[in-house]
Amino acid sequence: MEYKRVLITAALPYANGPVHIGHLAGCYLPADVYARFQRAKKRDVKFVCGSDEHGVPITIRAMKEGISPQDVVDKYHAIIKDSFEQMGISFDIYSRTSNKIHHETSQAFFTKLHKDGLFEERATEQYYDENKDMFLADRYIIGTCPICGNENAYGDQCEKCGSTLSPEQLINPRSALSSAVPVKRITKHWYFPLNKYEKWLNEWIVNGKKDEWKANVYGQCKSWLDSGLQPRAMTRDSNWGVPVPLEDAKGKVLYVWFDAPIGYISATKELTNQWSDYWCSEDTKLVHFIGKDNIVFHCIIFPSMLKAHGGFVLPDNVPANEFLNIEGDKVSTSRNWAVWVHEYIKDFPDQQDTLRYVLCANAPETKDNDFTWKDFQDRTNNELVSVFGNFVNRTFVLMHKLCSGRVPPVHDDLVTDADKAMVAEIAIAKQKIEDYIENYKFRDGLFEVIDLARKGNKYLQDNAPWSLSKTPEQQAENQKRIDICLHVCLQLTANLAILANPFLPFTANKMCRMMKVVERMLEWENAGKMNLLKVSYPLRAPELLFRKIEDMEVAAQVEKLKSNLTKTTSANVEQTSTDPSTKAQDDKIVETKPEAVAEAPIKKAEISIDDFSKMDLRVGTIMKAEKVEKADKLLKLELDMGDEVRTVVSGIAMHFKPEEIIGKQVTVVANLAPRKMRGIESRGMILMAQNPDGRLIFVSPLEMAAAGSEVR
RNA sequence: CGCGAGGUAGAGCAGCGGUAGCUCGUCGGGCUCAUAACCCGAAGGUCACUGGUUCGAUCCCAGUCCUCGCUACCA
């Protein structure tokens, strides 16, 4: 079907914290590539998003910080919005659900369904915290699991045995907020009868989207539908959110998952008076970009709501991505195991496209993927810099050296099949990239961009214009070949700008400046043309498109991740006993013995004895210790290792004075790769135990061992 | 427990009935215009495991194991 308009939504980020690169890779970057591509195709595009600012967690966060929920969302809305802008995520509007227009829109939506008599009213008994004077979500009730006896099971699930629970099943339930014993109170809520849409959903998704939607999305939906749908409450007891627009609904708000997706509609309304063209015309293609955890809401619940309301288009596709892990571990906002976008921008100024490249090339399209800083470096240095950046750079440098800085002409009499083949590759790449993007295969699309540059490098290498210039006896003829080769390379460069633009918009703009062409050249229909740059048009001197990532930067980022993690972990542990209100903190209760609040272990993958035997652990005696200049945390140690004296730089200066550790014996990882810190080469690492309070303790033999003794 | 997705060279991914390909990394060679880049070549995989169907399975079927997710603060 031919669509007249494309409406693109990206999941509303929860205004409870900043955005991290997992958000980017999973949702916002693919959405942006898609949107930019559609715009380049001159399609009528609206790309909408905004902050999701309702829900219980925000009230809890506000309570904890002693500020209002509005303060919480104001703070994070600003940070999130700025992160997106900086990264070039080209929303047509980035709105927020605390806006008046959103309250009105979602209330009107609710009222329509209510007037049509769609909701079922149900009175139920819910747990109520009399200390905090509020109803408790299932998640905020803790008690003993009736199945396995775990004392810290949640009201909806026991994490220890995995049983699905209801709060009533818990033995000795208590409030996670105040530890008060919750009491039951009757409350009324409005339920949306999802079950009535089962048949229709089966028709629409199971039969209609089988080969269209991604396997992970389709499979998840089918699983839901096969197991049968239940009516679902669309209201909650809370004072933060969109008030339920009914007389008898004091102290009740719309369930955050009811109002959040309507946020897409209100954002569109805020953007344009013609909003209904995008939401209510059958010739609009609606695409929701989300992460895999949102599948059920976007594929089952929201479409059912839209269907029930009537008059709205349904999503054509919901290309949900999987998750991105960081250095082998799941992203955890509460443990602070994440790479925050606003921090990346600070640490790597003007390198947005570098991150865009790496996240897109490694996007978790079919399964969870891992982001490592080493991979970030490798992909940047070996693909972006070496293949793409370098091709453009050598083309420009050669053109200035061999063609006096102007676009050289083509000499028809000397054009070879290889020249023609190179030109043909551009059109092939264009078609491939187009097909990939249209089918949400952004990784593959980006690969083709790089691959075209790779072919350009090969073409240059095969023709070697730098050699041709060295044979003066054939000057005229060779110059013609040089002209043709560089003409092709320059037109290819212009084409690369167009093809890369959806993925690497900052770079495409930079290339336009170098080529002195207007941005309009980037329109997709221009791809494949060989007259983008006029013959004898003078071009600017090349500027480097990307820079390499140094080893030091990688090490610093990994270090930063790990040190932030520790900080937050110990902070969380302190809170655990009094205020276990988030999942990650609750995890720690489960892992930790109740009576001994020790540092929650950071779980690592199991290793084999062979892995262990790779480590050369030895006892060393500290002979000299001195502070490292301009470093708060570092001590430079000289260790007697028996047969040698080693210099080791250790980050323990905050904990020990140099003079008080001389003579102490320590355990050293002797075969750790040497690393320079503050200009001093550190050869090894000393092992320390860390107390929950952050205090460091040497791991040493109980009695003096010979220096250099092996630890096994 | 059940359901969904995934488990293919050191890393990231393709393939989905005829014993495996791509990019990066590694190793060797070539070139020198270029951000020590580029080009050519090589090594490296019992396609998670166990059965079965088949003339033949990475690909189909059954079972097992592992990872992640599944009306929950997080994509």
Side-chain angles (χ1 to χ4, degrees), chain A residues 10-11 13-14 16-17 19-28 55-58 60-61 137-140 154-157 161-164 194 214-224 226-227 229-230 232-233 255 257 289-297 300-301 320-325 330-334 338 361-362 364-370 372 374-375 378-379 381-383 385-387 389-402 443-444 447 450-451 454 457-458 460-462 464-467 469 486 542 544-548 581-586:
Chain A
Y14 202 58
N16 193 24
V19 286
H20 53 70
I21 61 171
H23 294 117
L24 239 39
C27 175
Y28 304 102
V56 178
I58 281 169
I60 287 170
R61 181 162 203 129
D138 292 356
R139 194 76 192 178
Y140 295 103
Y154 306 115
D156 57 347
Q157 193 186 38
C161 66
S163 318
T164 305
L194 274 178
K214 290 171 62 167
N216 57 341
V217 176
Y218 180 84
Q220 187 70 58
C221 291
K222 192 163 182 306
S223 156
W224 268 79
D226 288 348
S227 61
L229 301 175
Q230 302 299 320
R232 197 179 159 116
Y255 176 41
W257 271 111
F289 284 86
I290 55 168
K292 68 172 158 182
D293 56 333
N294 273 349
I295 289 172
V296 63
F297 295 105
I300 308 259
I301 300 174
N321 270 356
E322 302 281 301
F323 286 165
L324 187 71
N325 295 331
K330 282 176 63 174
V331 167
S332 165
T333 49
S334 40
N362 187 219
E365 289 180 5
T366 52
K367 62 166 191 192
D368 290 1
N369 273 157
D370 198 26
T372 65
K374 177 76 180 103
D375 183 61
D378 285 347
R379 296 201 102 110
N381 294 359
N382 303 323
E383 295 171 21
V385 177
S386 301
V387 178
N390 197 226
F391 170 73
V392 173
N393 188 239
R394 54 200 300 222
T395 296
F396 263 71
V397 169
L398 284 169
M399 181 267 301
H400 278 281
K401 279 189 182 165
L402 307 177
R443 259 190 337 217
D444 292 334
F447 173 84
I450 299 297
D451 204 48
R454 189 174 285 121
N457 274 318
K458 182 167 163 52
L460 253 188
Q461 190 73 14
D462 292 345
W466 54 89
S467 306
S469 67
L486 285 171
L544 296 179
L545 294 177
F546 314 100
R547 75 164 181 78
K548 291 205 162 196
S581 57
T582 69
K583 176 172 182 280
Q585 288 170 1
D586 290 353

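A note on names: the letters A, B, ... follow the listed sequences, proteins ahead of strands, and every chain is numbered from 1.
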So, OP1 or OP2 of [N]: does either fall under 4.0 Å of a side-chain N or O from [X]?
X        : N     : value
A:Asn382 : B:G25 : yes
A:Ser467 : B:C33 : no
A:Lys548 : B:A37 : yes
A:Lys374 : B:C24 : no
A:Arg443 : B:U23 : no

Does any non-hydrogen side-chain atom of [Y] lie less than 4.5 Å from one of [X]?
X        : Y        : result
A:Asn362 : A:Asp375 : yes
A:Leu324 : A:Asp370 : no
A:Trp257 : A:Ile301 : no

Candidates [options] - which lies nearest the side chain of [X]:
X        : options             : value
A:Asn216 : B:C73, B:A5, B:C38  : B:A5
A:Gln461 : B:C39, B:C24, B:C73 : B:C39
A:Arg454 : B:U23, B:G69, B:U35 : B:U23
A:Val385 : B:C68, B:C39, B:U35 : B:U35
A:Asn362 : B:C24, B:G12, B:C74 : B:G12
A:Gln220 : B:C68, B:A5, B:C70  : B:C70
A:Asn457 : B:G12, B:U35, B:C39 : B:C39

Taking all non-hydrogen atoms of both residues into account, name the closest pair between A:Leu486 and A:Thr395 and its distance.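 Nearest heavy atoms, A:Leu486 then A:Thr395: CD2-O, 4.0 Å.
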Aromatic A:Phe323 / basic A:Lys292 pairing, under 6.0 angstrom, 45° off normal: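 Pair A:Lys292/A:Phe323 counts as cation-pi.
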Between [atom2] of [N] and [atom1] of [X], the distance in whole Å:
X        : N     : atom1 : atom2 : result
A:Leu545 : B:A37 : CG    : P     : 17 Å
A:Leu402 : B:U32 : CG    : C1'   : 13 Å
A:Lys367 : B:G15 : NZ    : P     : 12 Å
A:Lys330 : B:U67 : NZ    : P     : 12 Å
A:Tyr14  : B:C74 : OH    : C1'   : 10 Å
A:Arg547 : B:A34 : CZ    : C1'   : 19 Å
A:Asp293 : B:C70 : CG    : C1'   : 10 Å
A:Asp444 : B:G15 : CG    : C1'   : 12 Å

Taking A:Tyr28 for its side chain and A:Ile21 for its backbone only, find out whether a donor-acceptor pair lies under 3.5 Å.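 The answer is no, because no donor-acceptor pair under 3.5 Å joins these two groups.
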Select base, sugar-phosphate, or nothing to describe what [X] touches, counting heavy atoms under 4.0 Å on all strands.
X        : value
A:Ile295 : nothing
A:Val217 : nothing
A:Phe447 : sugar-phosphate
A:Ala11  : nothing
A:Ile301 : nothing
A:Val296 : nothing
A:Phe323 : base
A:Asn390 : base
A:Lys458 : sugar-phosphate
A:Gly26  : nothing
A:Trp257 : nothing

Would you please say whether a donor-acceptor pair under 3.5 Å links the side chains of A:Asn457 and A:Arg394?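 Judged by distance alone, the side chains do pair up.
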Please measure how far the [atom1] atom in [N] lies from the corresponding atom in [M], and state the result in whole Å.
N     : M     : atom1 : answer
B:A5  : B:A42 : C1'   : 37 Å
B:A14 : B:A9  : C1'   : 14 Å
B:U58 : B:U8  : P     : 15 Å
B:U67 : B:G30 : P     : 49 Å
B:C70 : B:G12 : P     : 22 Å
B:A62 : B:U54 : C1'   : 16 Å
B:U35 : B:C40 : C1'   : 22 Å
B:G7  : B:A48 : P     : 8 Å

Counting Watson-Crick and G-U wobble pairs only, both distances under 3.5 Å, name the nucleotide matched with [N], or none.
N     : result
B:A42 : B:U26
B:U50 : B:A62
B:C70 : B:G2
B:A20 : none
B:C31 : none

Could you walk me through whether A:Asn216 and A:Lys367 pass side-chain hydrogen bond (donor to acceptor under 3.5 Å, both in side chains), step by step? CA-CA 9 Å; A:Asn216 57 341; A:Lys367 62 166 191 192; over 6 Å; no
Closest-nucleotide mapping onto RNA chain B: is A:Ser386 or A:Lys401 further toward the 5' terminus? I mean the 5' end.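 With A:Ser386 and A:Lys401 compared, the 5'-side residue is A:Lys401.
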Between A:Asn393 and A:Asp378, which has a closest nucleotide on RNA chain B that is more 5'?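 Its nearest nucleotide being more 5', the pick is A:Asp378.
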Just how far is it from atom SG of A:Cys221 to atom CD1 of A:Ile300, taken to the nearest 0.5 Å?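 Here the rounded value is 4.5 Å.
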